[in-house]
Amino acid sequence: MIRCVELYTGKYIGEVEKSEISGNMEYIYDDYTYIFKHMIIDEVAFFVKNRFRPTIENNFSYHSPKEGQPEKYQSIRDMAKELAYLIEEMVPNGREKSLAMTNLEQSVFWANAGISRSE
């Protein structure tokens, strides 16, 4: 086994088989991704730390639609559109109406994001 440590601090991050180590190897430990720096000295492999948070990675990544998702998005938009027309018809113009419309748009956005990010 090869001991894996962070290059600049010497912090222990784990162990791997020597045969597993390659030029583009990544090692995930304690919410960070470590990238191998092409250096093994005395059975110690040195890695450089990159931040890695699964939630951030997921929230700031493109999610191509999966089967059935476009229909879900459209259903949410259709229902929201009905509510938007009701608000347009019944609520007097003003700040409150504008906020209602803006928050309805946000609701659609977040509902669709919830579908795309979790399926």
Side-chain angles (χ1 to χ4, degrees):
M1 294 294 278
I2 298 290
R3 182 177 165 87
C4 302
V5 299
E6 186 179 340
L7 178 62
Y8 301 110
T9 66
K11 175 184 172 184
Y12 173 81
I13 60 171
E15 292 184 352
V16 295
E17 293 288 337
K18 190 171 190 172
S19 60
E20 294 177 31
I21 296 179
S22 65
N24 57 355
M25 179 186 180
E26 291 185 353
Y27 190 87
I28 297 176
Y29 174 79
D30 202 18
D31 283 339
Y32 290 93
T33 299
Y34 290 84
I35 299 171
F36 178 60
K37 286 307 284 184
H38 310 287
M39 193 181 327
I40 299 175
I41 301 172
D42 296 329
E43 302 299 310
V44 175
F46 292 92
F47 290 75
V48 175
K49 177 170 61 173
N50 287 332
R51 285 192 166 276
F52 178 82
R53 297 272 185 205
T55 301
I56 291 174
E57 292 295 321
N58 186 47
N59 289 353
F60 292 91
S61 297
Y62 172 70
H63 302 277
S64 58
K66 295 175 182 67
E67 184 176 333
Q69 287 181 336
E71 294 80 8
K72 291 178 183 179
Y73 301 150
Q74 190 60 49
S75 294
I76 290 169
R77 282 193 299 269
D78 290 343
M79 294 301 289
K81 189 187 299 184
E82 290 298 316
L83 181 54
Y85 276 114
L86 182 63
I87 292 169
E88 178 65 30
E89 180 181 312
M90 300 187 89
V91 179
N93 288 336
R95 179 175 181 270
E96 294 81 1
K97 182 177 186 175
S98 293
L99 286 170
M101 291 296 218
T102 297
N103 284 292
L104 181 58
E105 290 176 40
Q106 288 181 350
S107 179
V108 170
F109 170 82
W110 287 115
N112 287 342
I115 292 167
S116 70
R117 290 176 178 178
S118 9
E119 291 184 358

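What you are looking at is a predicted structure, and each value in this text was computed from that prediction instead of being measured.
- Hydrophobic clustering places V5 together with V48 (ILVMFWY residues linked when any side-chain heavy atoms are closer than 4.5 Å, directly or through intermediates).
- Interatomic distance, M1 CE to E43 CD, rounded to the nearest 0.5 Å: 11.5 Å.
- Criterion: ILVMFWY side-chain heavy atoms under 4.5 Å apart, direct or through other members. Under it, I115 and W110 are not part of a common hydrophobic cluster.
- The 12-atom threshold is exceeded at CD of Q106, counting heavy atoms of other residues, nucleotides or ligands nearer than 6.0 Å.
- Note that the OH atom of Y12 and the CZ atom of R3 stand 6.5 Å from one another [nearest 0.5 Å].
- The CD atom of E20 sits 8.5 Å away from atom SG of C4, with the distance rounded to the nearest 0.5 Å.
- A pairwise comparison of heavy atoms in P70 and K66 identifies CD-O, 3.4 Å as the closest pair.
- When hydrophobic side chains of Ile, Leu, Val, Met, Phe, Trp and Tyr are connected at separations under 4.5 Å, M90 ends up clustered with L83, L86, I87, V91, M101, L104.
- D78 contributes atom CG, which lies 11.5 Å from atom CD of E71 (distance to the nearest 0.5 angstrom).
- Applying the 6.0 Å contact sphere to NZ of K81 captures no more than 12 heavy atoms from other residues, nucleotides or ligands.
- Interatomic distance, NE2 of H63 versus OG of S118, reported as 9.0 Å (0.5 Å rounding).
- Shortest non-hydrogen contact noted between R77 and N112 is NH1-ND2, 3.8 Å.
- Nearest heavy-atom pair across V44 and I2 is C-CG2, 4.1 Å.
- How far CZ of F36 is from CG of L7: 10.5 Å, rounded to the nearest 0.5 Å.
- The two residues N58 and R117 come nearest to each other via the heavy atoms ND2-O, 3.3 Å.
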